[in-house]
Amino acid sequence: MSPGTSRATDDTDDTDDTDDQERGMIRHKKLSSLTLNVSDLARSVAFYRDMVGLDLVEQNDQGEAFLSCNGDHHNLVLVQAQEASFKRVSFELEDEGQIAVAEKVLTAAKVKWTRIEPAECGRLRIAQGLRLADPTGIKIELVTGMNSRPGRHFPHPIAITHLSHVVVNVPDFANTLRFYTDVLNFRVSDYRHEPSGERYFAFMRCFPNPYHHAFALLAAAKPTFFHMAFHAKTLDDLMTGRNRLLKAGVTVAPTPGRHMASGSVFQYFADPDGFTVEYTQGMEEFPEEGARQPRNLDKTYATTDIWEGEKPHNLPNLGRVEL
Ligand SMILES: [Fe+2]
């Protein structure tokens with residue numbers, strides 16, 4: 001399938017993917033990191049370190065703080081800024097050779113991209129990287145060779161294993177979805193639809209990474225950030241994390257729940273700037289070949305939470321995006 005043809009709209013999930021590299025399709029390792037502009041760096045670093053469960057690995061004189069919950073140098077970058085906003089999301093490609101594949105695919109699809117200069121790659125602790133934007137203007141990096149970090153993961157009451165997913169709202173849903181599926185080679189795991197049948201939510205895995213969704217799009221009037229999720233190692237970690245947040249006076253959604261789409265247990269809460277963060281635990285995984293077809297799930301709250309708990313109505317949901 002070449003860029004520009006439709007994968008997202010036909011409900012098929014091509015299972016013949018072993019020769020993606022030969023066909024010039026981008027292959028991803030995983031969701032790598034999220035970068036947020038924050039209004040008070042020290043306050044946000046303390047929150048993600050002491051409450052959420054990441055380590056502060058490095059802080060530089062550019063006002064950037066790199067935090068990690070695992071052996072990667074970072075999964076979250078916080079940048080001191082005048083006002084808080086979503087800055088960019090980074091995906092790590094399968095290997096160094098994928099940079100050339102990505103350049104070719106993006107150029108063929110007439111997507112503007114730039115190479116991250118070697119000096120900045122050094123500062124970001126990556127080998128190589130490309131920068132681009134989706135049709136909405138959401139900033140994306142495709143990187144390789146994220147450094148491992150030396151030393152032991154600092155013990156924390158909450159064990160989180162990785163950055164699980166990022167969700168954004170976009171105004172031109174169909175066109176933006178086509179970009180992710182046809183150009184970036186993401187695969188839709190499930191859709192949700194309006195009562196009219198129109199699709200408004202797409203959960204995507206960054207192929208061939210197996211997790212149900214690393215990235216998701218919601219249809220909305222303007223581009224906004226919805227939430228980021230960190231994967232808790234066990235349900236005990238998620239629930240202990242929830243109770244620690246409550247005791248600290250953090251704004252926490254009324255109840256945990258379980259998503260129908262991915263089977264994940266979720267608990268939403270707010271960070272100091274008002275960004276929505278999620279602890280998530282457990283997620284459906286897909287094989288590279290022979291994956292099931294995406295489902296069309298309805299818009300009822302029972303689909304969001306099969307336990308039908310109270311909706312997360314108390315979160316500020318800061319959605320500002322740096323475009
Ligand atoms: Fe989520």
Side-chain angles (χ1 to χ4, degrees), residues 30-34 36 48 52-54 69 75-76 86 89-91 138 158 160-170 173 177 180 186-192 199-206 209-220 223-235 237-239 241-242 245 250-271 274-286 294-295 297-319 321:
K30 61 183 175 182
L31 170 63
S32 179
S33 68
L34 173 70
L36 297 174
Y48 284 95
V52 182
L54 290 88
C69 61
N75 331 106
L76 177 68
F86 169 93
V89 59
S90 302
F91 297 92
I138 301 287
I158 308 306
I160 53 176
T161 60
H162 60 280
L163 175 65
S164 169
H165 59 270
V166 171
V167 185
V168 295
N169 301 296
V170 295
F173 179 77
L177 178 58
Y180 284 100
F186 287 8
R187 305 296 164 92
V188 177
S189 298
D190 283 314
Y191 297 100
R192 292 183 71 178
R199 289 167 175 161
Y200 73 96
F201 205 149
F203 299 90
M204 294 177 281
R205 54 196 191 276
C206 53
N209 182 285
Y211 289 120
H212 180 278
H213 59 283
F215 194 70
L217 293 179
L218 263 163
T224 53
F225 172 71
F226 183 16
H227 69 266
M228 76 198 96
F230 292 98
H231 185 265
K233 190 172 182 183
T234 69
L235 193 55
D237 290 298
L238 182 145
M239 290 304 293
R242 163 191 158 80
L245 293 164
V250 172
T251 302
V252 177
T255 68
R258 188 187 290 281
H259 292 310
M260 183 181 289
S262 54
S264 311
V265 174
F266 63 89
Q267 174 65 62
Y268 297 106
F269 54 95
D271 95 343
F275 290 119
T276 298
V277 191
E278 177 188 0
Y279 277 140
T280 184
Q281 207 285 313
M283 184 178 267
E284 182 182 4
E285 296 182 33
F286 287 67
R295 298 168 297 183
L297 304 172
D298 67 28
K299 200 179 184 178
T300 62
Y301 195 67
T303 297
T304 300
D305 178 10
I306 62 171
W307 300 337
E308 299 193 57
E310 196 176 339
K311 292 181 182 179
H313 52 74
N314 58 337
L315 301 173
N317 286 322
L318 178 68
V321 171

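Whatever order the structure lists them in is the order used to number ligands and atoms, beginning at 1.
Among all heavy-atom pairs drawn from Asn169 and Ala220, the shortest one is CB-CB, 3.5 Å. Here the closest heavy-atom approach between residue Pro312 and residue Tyr301 is recorded as CD-OH, 3.3 Å.
Under 2.8 Å from the Fe ion (ligand 1) lies an N/O/S atom of His227, whether from backbone or side chain. In summary, an N, O or S atom of His165 is located under 2.8 Å from the Fe ion (ligand 1).
Annotation: His165 is in aromatic contact with His227 [ring centroid separation under 6.0 Å].
Shortest distance from the Fe ion (ligand 1) to Glu278 is reached at OE1 (N/O/S atoms only).
Geometric assessment of Arg187 against the ring of Phe286 yields a negative cation-pi assignment under the 6.0 Å and 45° thresholds.
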